[in-house]
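Structure record follows, encoded as structure tokens.
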Amino acid sequence: MHYMPIAKRSTGLVLFPAFDWCISPTHPEREERLLYTKDQLIEEGLEDVHNIHFYNPELAEYHDIDRVHFCVPSSRNLLTESHLISAGGAIRAARSVMNKEVERAFAVVRPPGHHAMQTVFGDRGFCIVNIEAIMVEYIRKHYGVRKIAIVDTDCHHGDGTQDIFWNDPDTLFISVHQDGRTLYPGSGFVHEAGGPSAPGYTINLPLPPSTSEEGFDMAMERVILPLLEEFQPEIIINSAGQDNHYTDPITNMNFTAQGYARLNRMLNPHICVLEGGYSIEGALPYTNLGIILAMADMDTSNVREPDYDPANFVQPPEMNAHIEEVCRQARQVFDDRERMRREQAAKEVVRERKSIFYDTTGFGVEETKSYHLCRECPGYMELTGYGLGTHVHGYSIPFNSCPACQQKARDAFARAEKKSDTVTALQDRARDIYETK
Ligand SMILES: [Zn+2]
Ligand SMILES: [Zn+2]
């Protein structure tokens, strides 16, 4: 046993390796992804640590999925049991914290979710449904929490989470990731700052390839921590992707288990949800352990990869200068949020078009979101989309909408024509109802 067997902070763990689900046997997001992690946690004796509690995941309900997504043709049609358990694992982690069974919790589950957008026609970036978003709206529905911060530290831009919370000023979404010019999904630039009702509440920190501990420390100290301090969320969630690791086979960063542990200590999230991380033997067992020990407020100094050498992780000065500039610009976006909101205030409807590519099977969806703005609330959203021969026509009522906007959206849905080639849906988060026709 390398560690003192008492956690200073009680921590819950939900482990769901999904041994029977994968996209294909040789895919990086495959069955054995969490096997070594599981072995490592057992080897380190975490099951015997006082104040660390293991929970079994539950099945999320289709209702929990529909509260967040418009699935085409339907959530029942697109999801496997593994997806319901992965989302249910995140929900179980959230409940353990919200019910005060533990102070912190980590859902070490797969398949991941942060590339899943509000509309879902299939899977993209190894994700079908967005498990953090499902968890966030579950927390809001069941515990009445309003202000939530999601900090996505996966190496890939959290484009799905960004899409879902784009127009929500009560969710501060911060994604720190490898620059989209050099990695999937090719987005996540500083100017992507949020919808017309929530400008400045989406913050992107694109870091150059080979960014190491120094760069992540800088992003934390200069942007993420000060913004959280100002935003004052009731809950902080970490989309804890671990593919920034120097051994990850599908990315180009230079981050370490020590770096992940320190990041977690600084961020101090209430709930972590595993996202990516494809270095199954070289990284995940160490990064996951580092995160768990940091959450439990235990010693992390011994968490090191077998080949760890600090000399390999020094950043050149020009890289530091570049990251400083990214931090300055991101900070500016947040500081400008009131001014940007005032610029939008006079408008009634703002339309945004998007082409969404589903990379796993290779098809595109064209989508238009119309934000019906309001001075009292974020307003309601109407969307139309087309892909794979099917249309979607949806209305989404946010949880924080005013009664007048709720009624307008319900009336518009009632008037919408029923068509055989179209999924016409109302996602009413205020009443917690999902209806289709
Ligand atoms: Zn990733
Ligand atoms: Zn309103």
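Nothing fancy with the numbering, it's 1 onward along the sequence. For ligands, and for the atoms within them, numbers begin at 1 and follow the listed sequence. Everything quoted here is computed from the prediction, not taken from an experiment.
Between the Glu137 side chain and the Asp64 main chain, no donor and acceptor come within less than 3.5 Å of each other.
A salt bridge links Glu230 and Arg337; the closest N-O separation between the charged side-chain nitrogens and carboxylate oxygens is under 4.0 Å. Comment: Arg331 engages Asp335 in a salt bridge, judged by a side-chain N to carboxylate O separation of less than 4.0 angstrom.
The distance cut-off of 2.8 Å around the Zn ion (ligand 2) captures these protein N, O or S atoms, sorted by chain and number: Cys374 SG, Cys377 SG, Cys402 SG, Cys405 SG.
Checked against ring-ring contact (aromatic ring centres under 6.0 Å, His included), Tyr55 has no partners two or more places apart in sequence or in another chain.
Looking only at N/O/S atoms, Asp243 comes nearest to the Zn ion (ligand 1) through OD2. For the Zn ion (ligand 1), the nearest N, O or S atom contributed by His156 is named ND1. The Zn ion (ligand 1) sits nearest to atom OD1 when only the N, O or S atoms of Asp154 are considered.
Side-chain contact annotation: Asp411 with Gln407, donor-acceptor N/O pair under 3.5 Å present. Side chain to side chain, His157 and Asp159 fail the donor-acceptor criterion of an N or O pair below 3.5 Å.
Residue Phe231 comes nearest to Lys147 through the heavy atom pair O-NZ, 2.6 Å, listed as atom of the first residue, atom of the second, then distance.
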